[in-house]
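Everything below concerns the one structure shown next.
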Amino acid sequence: MKKILIALTCLLAFTSLMIAQDASVNQAATLGVPEMNADTFEEGKTKTEIIIPENQHTTDQSAVVKIEYLPIYDEVRIYYECMYVTYDRGEAMNTVLQCLADFQQEHKYYSYRYLRNDKERFFKDDKGRRKAQYMSYLKFSR
């Protein structure tokens, strides 16, 4: 008797869940909300915007700032890259902070926090020139 009662309860719960799911899909369709399928979700999850700020805030002529923005996670990787001989860590930090302030104001974020410590990397590019790169990884919040 207990097994039959448990089986009927499970069947009733499953049926009510299926009805509730169907009602939510119908309600979303009547409100004009597009359905989120797995392909659309995966595309949005991996979408990364590459932003080159208009105002670079650099005094070094060889320096370039690049921002990689993942809007679905509100995460940003910002890169400061210049020639090795002109690299100054203090200037790199100040430039990155000023570009982040512009980005924060432009995208209407309230604050941010660092997800990892800042990194420095020294390497040779494809033409054999020595370069330095400073990178920060942040999470913004609204």
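Note that the structure is a prediction, hence the values are computed from the model and not measured.
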Would you say that more than 12 heavy atoms from the other residues, nucleotides or ligands in this model lie under 6.0 Å from the [atom1] of [X], or not?
X: I52; atom1: CD1; result: yes
X: D125; atom1: CG; result: yes
X: Q105; atom1: CD; result: no

Work out which heavy atom in [X] is nearest to a heavy atom in [Y]; give both atom names and the distance.
X: P53; Y: V65; answer: CD-O, 3.4 Å
X: R142; Y: Y110; answer: C-CB, 4.0 Å
X: A63; Y: C82; answer: CA-CB, 3.8 Å

For the pair K47 and L70, evaluate side chain to side chain contact (heavy atoms under 4.5 Å, CB included) and give the outcome as yes or no after the intermediate values. CA-CA 6 Å; K47 181 182 174 188; L70 289 97; over 6 Å; no

Sole residue of T58, T59, D60 in side-chain contact (heavy atoms from CB on, under 4.5 Å) with Q56: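 Exactly one pass, corresponding to T58.
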
Between F122 and Y84, is the gap from one ring center to the other below 6.0 Å?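 Yes, the ring of F122 comes within the 6.0 Å limit of the ring of Y84, centre to centre.
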
Is the closest side-chain heavy-atom distance between [X] and [Y] below 4.5 Å?
X: K139; Y: Y112; answer: no
X: R129; Y: K124; answer: no
X: I50; Y: I67; answer: no

With rounding to the nearest 0.5 angstrom, report the [atom1] to [atom2] distance, [X] to [Y].
X: C99; Y: E54; atom1: SG; atom2: CD; result: 11.5 Å
X: E68; Y: R77; atom1: CD; atom2: CZ; result: 6.5 Å
X: T95; Y: L100; atom1: OG1; atom2: CG; result: 11.0 Å
X: N117; Y: S136; atom1: CG; atom2: OG; result: 9.5 Å

With the 4.5 Å side-chain cut-off for hydrophobic clustering, are [X] and [Y] part of the same group?
X: L115; Y: I78; answer: no
X: L97; Y: L138; answer: yes
X: V64; Y: M93; answer: no

Could you go through Y137 and K119, starting from their C-alpha distance and side-chain angles, then the distance that decides it, and tell me whether this counts as side chain to side chain contact (heavy atoms under 4.5 Å, CB included)?
CA-CA 9 Å; Y137 188 39; K119 293 182 183 179; over 6 Å; no

inquiry  = Students often mix this up, so state it plainly: with edges at 30° and 60°, are the rings of Y109 and F140 parallel, tilted or perpendicular?
reply    =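 Correct class here is tilted.
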
Residues pairing under salt bridge (charged side-chain N to carboxylate O under 4.0 Å, His left out) where one sits in residues 2-19, two or more places apart or in two chains, turn out to be none

Going by salt bridge (charged side-chain N to carboxylate O under 4.0 Å, His left out), name the pairs with one or both residues in residues 86-110, residues two or more places apart or in two chains.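 Matches after skipping sequence neighbours: R89-E120.
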
Given the rule in the side chain to side chain contact (heavy atoms under 4.5 Å, CB included) test, do M83 and K131 qualify, once you have shown the distances and angles that lead to the verdict? CA-CA 4 Å; M83 300 297 289; K131 293 207 164 199; 4.0 Å; yes

- Message: Would Y87 and Y134 count as a ring-ring contact (aromatic ring centres under 6.0 Å, His included) here? Give the steps.
- Response: CA-CA 9 Å; Y87 178 71; Y134 180 84; 7.2 Å; no

field: Within 45° cone and under 6.0 Å: K66 NZ/CZ vs Y79 ring
entry: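 Yes, K66 and Y79 form such a contact.
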
